[in-house]
Amino acid sequence: MDLKLYDTLTREKQPFVPLDPSRVRMYVCGPTVYDFAHIGNARPVIVFDVLFRLLRHLYGADKVTYVRNITDVDDKINARAAERGTSIRDLTEETYRNFKEDVSALGCLPPTVEPRATEHIDEMKTLIERLVASGNAYVADEHVLFSVPSMKNYGELSKRPLDEMIAGARVDVAPYKRDPMDFVLWKPSNRGDPSWKSPSDIRTPGRPGWHIECSAMSWKHLGETFDIHGGGIDLVFPHHENEIAQSCCAFHTDRMASTWMHNGFLQVEGEKMSKSLGNFVTIREVLADWPGDVARLAMLSSHYRQPINWTLKGLEEAEKALASFFDAASGGADPTPAPAVLEALADDLNTPKAIAEMHSLKNAVGRKALAGTLGFFGFRRAELAAWRERHAPQPALPAADIESRIAARNAARKDKNFAESDRIRDELAAMGIVLKDSKDGTTWEVAR
RNA sequence: GGCCACGUGGCGGAGUGGUGACGCAGCGGACUGCAAAUCCGCGUACCCCGGUUCAAUUCCGGGCGUGGCCUCCA
């Protein structure tokens, strides 16, 4: 099985060849923990969970290291904690707990490591001092800045030629920057904000810039170079571009990660999700109405690089599809997913194709493979069943009354009094109760 | 304004230089006393305009539309 992945850096689908097949390494940018994660945040979490599962299948579960960081030092966190009057630690811990619950409900495996930024300050400072020593960074006005002109390939990931970026810059450039493109590695802390002893002989305590944490944590947990770096497409510039600059200059390497993967953006009911439009949807809100697996399937029904439109109709369709999969897959399960599904996933994670293959397994010969596939994806039969039970509409009549009417109807049918039997059925139908005749008798359910 | 994506049937959504995936909805048939459920079958879709080609939805150029990014906001 040859895995091919699209690499943002080369803009090409390429065969995936791990640097070390006995230790496949993936880093994905995780949440900034200051508030409930929204459904757009859920996309990379789900997408890279599927990739994690695929890699574990291909290389062995104990051969894959998946690192997803937790950003727990950030201006938004400081502001939110102050606003709520809680400590930063309490806020980030609570938000992180909520995040873990959310993504677990979405059927995602925990990553191998979930490092926190605040626990890697030493590594960040080491990187910063290396960059200063190598002339890729400089100290100015108690800041440490990365010198963008010191890196010749800067802009390669986002395909932004430097001169155009400078020409397009709209924001006032801080006076201490040597070059308008330079970005912060370390900055002084405001009073009351978290602070650490600064690197590079800066006297004032400070805190790290945004980008350095990922260079530090990927280095600590995966090494100087690794296989896959993932995240949302909005992170390509400047975040990932700057990570590359920091890591490649600190370690004198050409590539930070062999493959850069980015998921497309998410819209809600055809509109940009924003608080001002009032269509801001948290994972928590979705989970209040739907099983996590339905949200998961809905998310995977678009290819990860395509834009996705998050809609109620999409969730309804996903619920039907998932129910039909579980209906068809009753009985034993194969230990592995169906080959056709694996093949689809191996082609740059073509989940819509994989789902189409699952539909074609909904027959007698495919059901064991389908069950194995559902297990591979992490879909949970019991969860959907419990949700269906909970959300089953209540009949307008007591069950005993329905049963007695069914008995009356069947008596009429036996007498070939079809006018009467149809009358009873229509009467029940008008109350939303649908009858199903089979050779084993008549059953009923409430129309959804 | 600059850069980067995306634009497929009623809806969702793959894919491909030449026999039009898949799902939902719809239609027809089987089954049924009639239905429901189930099963079987059915769709001359590829934003617009040029170009390349024997042949383009697929490649190239332009246009229009939508979205993302454009430095310490993530």
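Chain naming here is simple, since letters A, B, ... match the order of the sequence lines and numbering starts at 1 in each.
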| request: Examine the side chains of A/Ser150 and A/Asn136 and answer whether a donor and an acceptor come within less than 3.5 Å of each other. | output: yes
| said: Go nucleotide by nucleotide along RNA chain B from the 5' end; which of A/Trp210 and A/Tyr6 gets its closest nucleotide reached first? | reply: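 By nearest-heavy-atom nucleotide position, the 5'-most residue is A/Tyr6.
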| task | Tell me which of A/Ala356 and A/Pro238 sits closer to the 5' end of RNA chain B, going by the nucleotide each one is nearest to. | result |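 It is A/Ala356, whose closest nucleotide lies nearer the 5' terminus.
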| task | Can you spot which of A/Glu319, A/His359, A/Lys362 makes a side-chain hydrogen bond (donor to acceptor under 3.5 Å, both in side chains) with A/Ser324? | result | A/Lys362
[X] near the nucleic acid: base, sugar-phosphate alone, or nothing, with a heavy-atom cut-off under 4.0 Å?
X: A/Phe146; value: nothing
X: A/His303; value: sugar-phosphate
X: A/Glu316; value: nothing
X: A/Phe183; value: nothing
X: A/Asp422; value: base
X: A/Gln267; value: sugar-phosphate
X: A/Lys177; value: base
X: A/Ser421; value: base

Looking only at the side chain of [X] (C-beta and beyond, no hydrogens), which of the listed nucleotides [options] gets closest?
X: A/Asp74; options: B/A74, B/A35, B/A36; value: B/A74
X: A/Arg11; options: B/C69, B/A5, B/C34; value: B/A5
X: A/His359; options: B/A74, B/G23, B/A35; value: B/G23
X: A/Lys436; options: B/C11, B/A25, B/A37; value: B/A37
X: A/Lys76; options: B/C69, B/A14, B/C73; value: B/C73
X: A/Glu317; options: B/G23, B/C69, B/G67; value: B/G23
X: A/Asp75; options: B/C73, B/A36, B/C6; value: B/C73

Interatomic distance at [atom1], [N] relative to [M], whole Å:
N: B/C59; M: B/U16; atom1: P; value: 10 Å
N: B/C70; M: B/C46; atom1: C1'; value: 33 Å
N: B/A21; M: B/G43; atom1: P; value: 9 Å
N: B/G67; M: B/G18; atom1: C1'; value: 34 Å
N: B/C4; M: B/G9; atom1: P; value: 27 Å
N: B/A74; M: B/G63; atom1: C1'; value: 34 Å
N: B/C22; M: B/A36; atom1: P; value: 25 Å
N: B/U52; M: B/C64; atom1: C1'; value: 23 Å

Between [atom2] of [N] and [atom1] of [X], the distance in whole Å:
X: A/Asp234; N: B/U71; atom1: CG; atom2: C1'; answer: 15 Å
X: A/Asn410; N: B/G33; atom1: CG; atom2: P; answer: 13 Å
X: A/Leu157; N: B/A5; atom1: CG; atom2: C1'; answer: 14 Å
X: A/Asn363; N: B/U38; atom1: CG; atom2: P; answer: 15 Å
X: A/Leu349; N: B/G13; atom1: CG; atom2: P; answer: 17 Å
X: A/Gln306; N: B/C6; atom1: CD; atom2: P; answer: 7 Å
X: A/Phe265; N: B/C69; atom1: CZ; atom2: C1'; answer: 9 Å
X: A/Glu156; N: B/C3; atom1: CD; atom2: P; answer: 19 Å

Mind checking whether [X] and [Y] have parallel, tilted or perpendicular rings, split at 30° and 60°?
X: A/Trp186; Y: A/Trp196; answer: perpendicular
X: A/Phe183; Y: A/His211; answer: perpendicular
X: A/His38; Y: A/Phe280; answer: perpendicular

Would you say a side-chain N or O of [X] is under 4.0 Å from OP1 or OP2 of [N]?
X: A/Lys272; N: B/U66; answer: no
X: A/Asn242; N: B/U71; answer: no
X: A/Thr32; N: B/A74; answer: no

Would you give me the side-chain donor-acceptor pairs under 3.5 Å for residues 364-376 of chain A, sequence neighbours excluded?
unit_1: A/Arg367; atom_1: NE; unit_2: A/Ala328; atom_2: O; d: 3.1
unit_1: A/Thr373; atom_1: OG1; unit_2: A/Ala338; atom_2: N; d: 3.0
unit_1: A/Thr373; atom_1: OG1; unit_2: A/Ala369; atom_2: O; d: 2.7

| field | Canonical and wobble pairing (Watson-Crick, G-U, under 3.5 Å) of RNA chain B, dot-bracket with | | value | (((((((..(((.....[...))).(((((.......)))))....(((((..]....))))))))))))....
| task | Indicate yes or no for a side-chain donor-acceptor contact from A/Lys159 to the backbone of A/Leu9 under 3.5 Å, with no hydrogens or angles considered. | result | yes
| For the side chain of A/His143 and the backbone of A/Asp141, is there at least one donor-acceptor N/O pair under 3.5 Å apart? | yes
| query | Could a donor-acceptor pair under 3.5 angstrom be found where the side chain of A/Arg305 meets the base of B/C6? | reply |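 When only heavy-atom distances are counted, A/Arg305 does not reach the base of B/C6 through any donor-acceptor pair under 3.5 Å.
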| Closest non-hydrogen atom pair, A/Leu106 against A/Arg380 | C-NH2, 3.9 Å
| request: Report yes if the distance between the aromatic ring centroids of A/Tyr27 and A/His221 is under 6.0 Å, otherwise no. | output: no
